[in-house]
Amino acid sequence: MTAEQEERMIEDAFQDVLNGYLKSNHRKKVEIIERAYRFAKEAHAGVRRRSGEPYILHPIAVAKIASQEIGLGSTSICAALLHDVVEDTDYTVEDIEQHFGAKIAQLVEGLTKISGGIFGDKASAQAENFRKLLLTMSEDIRVVLIKMADRLHNMRTLGSMAPNKQYKIAGETLYIYAPLAHRLGLFAIKTELEDLSFKYEHPAAYKQISDKIRASEERRQAVYSDFSAPIKAKLDEMGLKYEAKARLKSVYSIWNKMETKHLPFEEVYDLYAMRIVFECDDQSKEKSICWNIYSAITDIYRLHPDRTRDWIVTPKANGYQALHLTVMGTDGNWVEVQIRSRRMDEIAEKGFAAHWKYKIGEGDEESELNAWLRTIKDILDNPEPSAMDFLDTLKLNLFSSEIVVFTPKGELVTLPAGASVLDAAFALHSELGIRCIAGKVNHKLVPLSQQLKSGDQVEVLTSMSQSPQPEWEDFLVTAKAKTRLRAALRKERQPLIAQGHEMLQRWLDEHNLPASNPVITKIMGTYHILKRDELCYQLAKGEIVLGEFIVPALKKAEEREEKTANRSMLSKIFRIGRSSADKSGDAAKAGGDTAAGDAATTPAAQKPKINTKETYVLRYDENGANFKLAQCCGPIPGDDVLGFITDEGEVEIHALDCPRAQMLKAGYGTRIVATRWETEGGKYLAHVRIEGIDRHGILQELIQMISTHLSIDIRKLDIEASGEVFTCDLWVRVASVEIIKDLCHKTQTIDGVKLATRIA
């Protein structure tokens, strides 16, 4: 491409942003947008992205997403065009303020603070950056909306990145950005972020499902046409102006359902939902029109009694409003129908930003969002000591279904599904949670752990003699409640921990033992305790007593540590000597003196450094494997996996969809390495679940099929029959995932077996 062609491409891309903005309902401030574009273009002149395209195309693309896909106005478009200027060039926030005013400068500064992505090299730094992101939200939500547009464009252009970067960015997108988009009501963006993350994490599965969707399109369209024809005829008869369409499930949500329910693609019947979007200028009439359409549909099709969802009277916390019902389709399968006004549809797709278009002021949805932001700020004011705990605690509330309960005074409280009476107490006030002894749900006395349902009336009962208990955490689901409980427990336990620390130190002094890590670790291991504070706490409470029997083992642990330290010192001296010898030997190289070189060998303990930019080949040879398998997910050759470089320098293999792997990708991106299986030999443990109709002799047939015909080693087998149905959990040793697939396929040919699937 010539310089002139490139220039024309850039100008066309910007004109596209401008044209979209001019079609919107925002006030037309074209001049400031053009100035921001020229400023950014000059600032990024000569810089290119990894893909080779001019860098300015990235801010232009982010501005287009912010404007046309999220619905933001001129201030946000300018901030999007300028979002990388302060970070990547010599311009400062003050320069931006001088040229474009305080508001745009404030947005650019907010974006610069969180510019390195949420995550850095260390977990603590990541949590700090995430905290900054969420604090910025409570100042001006547009910062996060523009950041969302930035992440979406990065995901759309992820193909030009190295494989390990793809894993890291896709992982943190699924872990944080997609849930955040969901919570902010950006449904279209959330769906695309999930699909793009899935595409890079599981390319083969993504292609397979996409191909099957395309192959089944004609048949699906025919079924939808048959289903929708009578509904459309009825709506036309009612004189409504509307749009009706089939909304296909995303590739990621189809895969998720296949994985969680252990279903093949052909058995995911709810591939699509019908959506009816009607035009209505008077917001007060929307509710009655929704219910009129509902009535018309239930006159035609049989309603599923338990699957009607009224999100109009009680909108979701992200502002989502619609009426959902599920009816029996013409092909005998259940079909969901979503009924929305045009206003509800825009809010559902674009989130809270769509409200600015309707100029409805401080309405219910804005109040809901502000309440959520206050909750987030509340958690930020009391951060978790552990960074990854902090991220996990926040994530609890980012991606949860919601229920609505009432206080005795009739106030609404929105909580995640599965929330308990204690969650409701903490939601009302931290002190209520700490002093809570029981609750009354619908005037009936219930324990703290009682799970709540939408519509429950909840009264919290307290006592000043109550104190927080560690076991409460087992039934808490809200982030605020967990954070507050942990803070209260720490405060209450601190004096006892200090007392226990003194007791521990006295005992060590009596036995001439140092308070070194090996000694303390050995004591903790002996009493099965994970943290030093917990050890001190149990000592002070009298729950454990340090006995004489462990003293010899502790002395041995200390001796081993001294030997290791001595070896480390010798090794260091050796390396210093080697370095000196190298320097002094430089002059002798011409003479061919190799004696010093022969004597200096690399210490055996030193592992070669792994290059995370290259694909790591997983091998198994006579020396064993050059990797270790994670215990949490038990991957086997053929699975989609990634490598994580441990503190010891080993490559630990995780399945891509393992929850622990999700956290590692989000938390330790620089230690992720792309991998490729090239391993023969070695056997790996796999867990298979078999379900079916019980009959005499079926267990014998199963064992014969697996051990005799397939020659697979069975390591463990648990089988249980209940009534006419049996469930069998089977652990086998296999060389690859293909053997497991063959086992599941052939097992299902046995008469009575209905399901055979790998669990881990």
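On a predicted model such as this, the values are computed, not experimentally measured, just so you know. Note that the numbering runs from 1 along the sequence shown for the chain. Heavy atoms only: backbone and side chains are in, while hydrogens, waters and symmetry mates are out.
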Heavy-atom donor-acceptor pair, [X] side chain to [Y] backbone, under 3.5 Å:
X      : Y      : result
Gln338 : Ala322 : no
Arg671 : Ile645 : yes
Asp345 : Val277 : no
Asp95  : Thr92  : yes
Tyr200 : Gly159 : yes
Thr173 : Ile169 : yes
Ser76  : Leu72  : no
Tyr21  : Lys29  : yes
Ser288 : Lys285 : yes
Ser67  : Ala63  : no

For [X] and [Y], which heavy atoms make the closest approach, and how far apart are they?
X      : Y      : value
Ala80  : Val62  : CB-CG1, 3.9 Å
Leu193 : Ala181 : CD1-CB, 4.4 Å
Ile77  : Val17  : CG2-CG1, 4.2 Å
Ser210 : Val251 : OG-CG2, 3.9 Å
Lys41  : Ile10  : CE-CG2, 4.3 Å
Ala79  : Ile146 : CB-CD1, 3.8 Å

Review point. When Gln321 is tested against each of Arg343, Arg340, Glu286 for side chain to side chain donor-acceptor pair (under 3.5 Å), which residue passes?
Key: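 The option that passes is Arg343.
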**Study point:** side chain to side chain donor-acceptor pair (under 3.5 Å) between Ser160 and Arg49, worked out
**Key:** CA-CA 9 Å; Ser160 59; Arg49 298 190 85 204; over 6 Å; no
Practice item. Start with the C-alpha gap between Tyr55 and Asp84, add the side-chain angles, then the distance that decides, and say whether side chain to side chain donor-acceptor pair (under 3.5 Å) holds. Key: CA-CA 10 Å; Tyr55 192 86; Asp84 279 335; 2.5 Å; yes
Do the ring planes of [X] and [Y] sit parallel (below 30°), tilted (30 to 60°) or perpendicular (above 60°)?
X      : Y      : result
Tyr37  : Phe14  : parallel
Trp255 : Phe198 : tilted
His654 : Phe644 : perpendicular

Review point. Have Tyr242 and Arg342 got a donor and an acceptor in their side chains that come within less than 3.5 Å?
Key: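 Looking only at side-chain atoms, Arg342 and Tyr242 do not form any donor-acceptor pair under 3.5 Å.
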Check your understanding: Do Ser253 and Asn256 have side-chain N/O donor and acceptor atoms under 3.5 Å apart?
Key ->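 No.
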In the structure I gave you, are the side-chain heavy atoms of [X] and [Y] within less than 4.5 Å of one another anywhere?
X      : Y      : answer
Met9   : Leu57  : yes
Leu174 : Glu201 : yes
Gln106 : Val143 : no
Ile254 : Ile213 : yes
Asp88  : Val47  : no
Glu34  : Leu18  : yes
Glu97  : Glu109 : no
Ser197 : Glu194 : no

Review point. So Glu279 and Ser341, side chain to side chain contact (heavy atoms under 4.5 Å, CB included) or not? Walk me through it.
Key: CA-CA 6 Å; Glu279 306 294 340; Ser341 67; over 6 Å; no
Is the count of non-hydrogen atoms from other residues, nucleotides or ligands lying under 6.0 Å from [X] atom [atom1] greater than 12?
X      : atom1 : value
Lys287 : NZ    : no
Asp90  : CG    : no
Asp282 : CG    : yes

Exercise for review: Evaluate the salt bridge (Lys or Arg N to Asp or Glu O under 4.0 Å) criterion for residues Arg38 and Glu11: first the C-alpha distance (whole Å), next the side-chain angles of each, then the deciding distance (0.1 Å), finally the verdict.
Suggested key: CA-CA 10 Å; Arg38 302 292 167 205; Glu11 290 296 329; 2.9 Å; yes
Point to revise | Full working for salt bridge (Lys or Arg N to Asp or Glu O under 4.0 Å) between Lys64 and Glu69 | key: CA-CA 7 Å; Lys64 183 178 178 181; Glu69 296 184 48; over 6 Å; no
Point to revise | Close aromatic pair by centroid cut-off 6.0 Å: His99 and Phe39 | key: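 Yes, ring centres under 6.0 Å apart.
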Review point. Would His58 and Asp150 satisfy side chain to side chain donor-acceptor pair (under 3.5 Å), going step by step from the backbone distance to the final call?
Key: CA-CA 8 Å; His58 170 64; Asp150 180 35; 2.8 Å; yes
Exercise for review: Kindly determine whether His44 and Val85 satisfy side chain to side chain contact (heavy atoms under 4.5 Å, CB included), including the steps that lead there.
Suggested key: CA-CA 7 Å; His44 294 301; Val85 166; 3.8 Å; yes
Working to the nearest 0.5 Å, report the span between [atom1] of [X] and [atom2] of [Y].
X      : Y      : atom1 : atom2 : value
Leu323 : Ile312 : CG    : CD1   : 4.5 Å
Tyr252 : Lys190 : OH    : NZ    : 8.5 Å
Leu196 : Lys199 : CG    : NZ    : 6.5 Å
Ile339 : Ile293 : CD1   : CD1   : 5.5 Å
Ile610 : Tyr616 : CD1   : OH    : 5.0 Å
Leu485 : Lys480 : CG    : NZ    : 13.5 Å

Point to revise | salt bridge (Lys or Arg N to Asp or Glu O under 4.0 Å) evaluation trace for Glu243 with Lys245 | key: CA-CA 7 Å; Glu243 177 190 2; Lys245 54 192 172 185; 3.6 Å; yes
Exercise for review: Show the numbers, then the answer: is there a salt bridge (Lys or Arg N to Asp or Glu O under 4.0 Å) between Glu431 and Arg484?
Suggested key: CA-CA 9 Å; Glu431 197 61 27; Arg484 285 290 187 271; over 6 Å; no
Practice item. Apply side chain to side chain contact (heavy atoms under 4.5 Å, CB included) to Arg156 and Ile65, showing your working. Key: CA-CA 12 Å; Arg156 286 174 178 173; Ile65 293 167; 3.5 Å; yes
Exercise for review: Go through Thr478 and Thr483 one step at a time and tell me if the side chain to side chain contact (heavy atoms under 4.5 Å, CB included) criterion holds.
Suggested key: CA-CA 9 Å; Thr478 60; Thr483 306; over 6 Å; no
